[in-house]
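To keep things clear, I will list the structure first and then write my remarks on it.
We count ligands from 1, going down the list as the structure has it; atoms in each ligand are counted the same way.
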Amino acid sequence: MSLQRSSDELVGYDEAMERFDVVLGLEVHVELGTASKMWCGCSTEFGGEPNTRTCPVCLGLPGSLPVVNRKAVESAIRIGLSLGCEIAQWCRFARKQYFYPDMPKNYQISQYDEPIAFDGRVELEVDGVGYEVPIERAHMEEDAGKSLHVGGSTGRIQGSDHSLMDYNRAGVPLVEIVTRPIRGTGARGPEVARAYMAHLRDMVRALGVSQGRMEQGQLRCDANVSLMPKGSDELGTRTETKNVNSLRSVEAALRYEIRRQGAVLAGGGRVEQETRMWNEAGGFTTAGRSKEQAEDYRYFPEPDLIPLAPGREWVAELRASLPEMPSAKRSRLQSEWGFSDLEMRDVIGNEGALDLIEATVAAGCDPVAARKWWLTELARAANEQGVALEELAISPVQVAQVQELVEAGTVNDRLARTVIEGVLAGEGAPGRIVEARGLAVVSDEGALTAAVDAVIEANPDVAARIRGGRTQAVGALIGAVMRQLGGKADARRVRELITARLS
Ligand code: ADP
Ligand code: MG
Ligand code: ZN
């Protein structure tokens with residue numbers, strides 16, 4: 001953890017919102033989950049002994065030549081189509097030159113003025129309000145390696161003795177998705193940015209082009225933001241906070257920058273155009289380098305690669321085979337299940353719940369019951385165990401089986417919860433647990449009637465009140481019958497029996 005603190009002045013977020021309009025720009029890198037790298041056959045797998053997944057091409061050795069990974073191009077086109085982009089008829093790769101020790105060729109192969117996909121848009125909903133994020137482009141490029149800064153045992157508080165280079169990640173295919181300036185989000189800007197990131201994550205997962213794990217750097221966001229005085233139409237100077245790698249941090253970093261820029265501008269100062277770093281532990285940004293211009297990179301068409309001309313038939317095929325997008329799926333399931341907006345929002349708000357409920361319903365469960373189990377009992381269990389819903393030791397099929405036992409009258413809701421506990425504890429299938437733990441409700445009418453009669457006899461005064469019309473007193477007798485049967489009875493049936501006896 002850094003000892004560095006931010007000494008920035010901040011205004012209150014609401015105060016900034018009263019005086020300024022927010023403009024956002026998001027640049028998101030998606031690491032593609034292709035088996036091999038962008039220009040060579042090396043594995044892209046995460047981790048591994050440093051420098052074991054390298055070859056002359058991804059190490060940039062003289063005489064080695066890159067070859068385009070068709071699967072990566074296909075993934076880029078599918079991402080572009082899912083963003084509503086047009087796909088270029090013809091496009092080229094470009095060299096972007098700058099020195100960075102983790103970039104062995106001393107230049108990055110990227111795309112410049114001819115991206116593979118351009119002019120798209122993403123529609124989002126945040127708390128019931130719709131927003132549109134205009135997409136400028138999605139282009140292909142290669143990832144760099146990693147520097148590891150080690151040592152530092154020389155008595156200094158900060159800093160390292162030396163750096164080591166790991167080129168395993170060098171040449172892993174990336175798609176960078178760049179928005180146009182996003183306006184009109186009002187105070188919701190940081191939340192819209194977060195929702196956009198979540199959308200991209202769900203989208204790349206649905207496409208199967210990346211696992212979209214932010215904590216592993218498979219999805220990284222550079223978050224640009226500027227402020228302009230209310231009523232002004234001229235874009236302000238932006239800052240770009242680099243490599244923010246969680247949904248929460250995207251929102252938090254933007255909120256921080258808005259408050260910081262708000263203070264600078266309110267004090268009559270000027271915002272510096274610069275990159276900034278997000279300090280996760282401290283919850284603030286710090287200044288990075290002042291921003292270079294595109295000219296500084298000396299882009300020129302990559303001479304070792306021929307242009308790409310994705311065939312129109314291929315593009316049409318890819319378009320036809322796109323999976324249903326997560327937002328479309330959400331609306332479809334909401335209407336199929338008959339959930340209100342509020343109910344659906346609870347489902348979406350619980351990571352993984354949508355798919356689990358869908359699978360539970362597919363296993364024959366009523367949607368309302370499926371929602372109830374996953375969002376109450378199981379959400380609580382996941383919370384207690386500190387795991388995600390899908391990591392719980394119960395499958396959607398088993399949840400459907402529990403509900404089946406409830407509907408068949410074998411167990412009541414309370415016993416069903418005990419059955420679920422048993423499944424979570426690894427005691428086997430719901431039906432087995434009912435037998436093993438003796439959880440089935442007493443459905444034998446003779447036994448039920450006997451219990452009801454015994455309770456009425458033991459509580460003559462209550463029985464008399466019910467006979468006299470005080471029907472709310474039935475509750476006391478139901479409770480007594482349930483106790484007598486160890487909670488293993490269907491309360492509705494018990495009520496019916498008591499009422500029948502006393503009327
Ligand atoms: P760079 O390559 O320098 O990062 P780009 O133009 O590729 O610049 O991307 C910058 C991002 O910031 C884009 O998403 C763009 O839409 C957005 N952007 C541009 N100008 C502004 C501004 N004044 N305020 C906020 N965002 C901006
Ligand atoms: Mg950038
Ligand atoms: Zn290689």
Pull out every atom of ligand 1 sitting under 4.0 Å from any heavy atom of Thr179, numbered as shown with elements.
-> 13 (C), 14 (O), 15 (C), 16 (O)

Backbone, side chain, both or neither: what part of Ile182 comes under 4.0 angstrom of ligand 1, heavy atoms only?
-> neither

Ring geometry between Trp337 and Phe339 (parallel below 30°, tilted from 30 to 60°, perpendicular above 60°) | tilted

Distance-only donor-acceptor check, side chains Trp373 and Thr360, under 3.5 Å | no

Below 4.0 angstrom from a heavy atom of Pro181, which ligand 1 atoms are there? Numbered from 1 as shown, please.
-> 16 (O)

What part of Val178, side chain from CB on, backbone N/CA/C/O, both or neither, has a heavy atom under 4.0 Å from ligand 1?
-> side chain

Would you check the N or O atoms of Val225, main chain and side chain alike, for any that come under 3.5 Å of an N or O of ligand 1?
-> no

Can you list the ligand 1 atoms lying under 4.0 Å from a non-hydrogen atom of Leu24?
-> 26 (N)

Say whether Arg95 and Tyr107, considering side chains only, have a donor N or O and an acceptor N or O under 3.5 Å apart.
-> yes

Using only heavy-atom distances, determine whether the side chains of Ser110 and Glu142 contain a donor-acceptor pair under 3.5 Å.
-> no

Ligand 1 and Glu136, any nitrogen or oxygen pair closer than 3.5 angstrom?
-> no

Run the numbers for me: atoms of ligand 1, each under 4.0 Å from some heavy atom of Gly236, listed by number.
-> 23 (N)

Answer yes if the side chains of Gln216 and Asn245 hold a donor-acceptor pair under 3.5 Å, and no otherwise.
-> no

Numbering as shown, the atoms of ligand 1 that approach Leu26 to under 4.0 Å (heavy-atom distance) | 14 (O)

Determine, considering heavy atoms only, which of Gln273, Arg180, Arg238 sits nearest to atom 6 (O) of ligand 1.
-> Arg238

Tally of protein N, O or S atoms, where distance to the Zn ion (ligand 3) is under 2.8 Å | 4

Ignoring angles and geometry beyond distance, decide whether Thr237 reaches within less than 3.5 Å of ligand 1 through its nitrogen or oxygen atoms.
-> no

Give me the ring orientation class for Phe93 and Trp39: parallel if the planes are under 30° apart, tilted from 30 to 60°, perpendicular past 60°.
-> perpendicular

If you measure only the distance, is there a donor-acceptor pair under 3.5 Å linking the side chains of Arg238 and Asn224?
-> yes

Scan side-chain atoms only and decide if Asp8 and Tyr256 contain a donor-acceptor pair under the 3.5 Å cut-off.
-> yes

Tyr196: ring pair (Phe, Tyr, Trp, His ring centres under 6.0 Å) partners, not counting sequence neighbours = none

Applying side chain to side chain contact (heavy atoms under 4.5 Å, CB included) between Leu83 and each of Met203, Arg78, Arg121, report the one that passes.
-> Met203

Please test Ile135 against Arg180 for side chain to side chain contact (heavy atoms under 4.5 Å, CB included), starting from the C-alpha separation and ending with a verdict.
-> CA-CA 6 Å; Ile135 304 293; Arg180 292 189 193 286; over 6 Å; no

Check each atom of ligand 1 against the heavy atoms of Gly25 and keep those under 4.0 Å away; list them by number with element.
-> 12 (O), 14 (O), 17 (C), 26 (N)

Going by atom types alone, do Glu27 and His29 pair a side-chain donor with an acceptor below 3.5 Å?
-> no

Atom indices of ligand 1, in the order listed, that fall short of 4.0 Å to a heavy atom of Glu240 = 4 (O)

In terms of side-chain heavy atoms, does Thr239 have a donor or acceptor partner in Glu274 at a distance below 3.5 Å?
-> no

Leu235: numbered ligand 1 atoms lying under 4.0 Å from its heavy atoms | 23 (N)

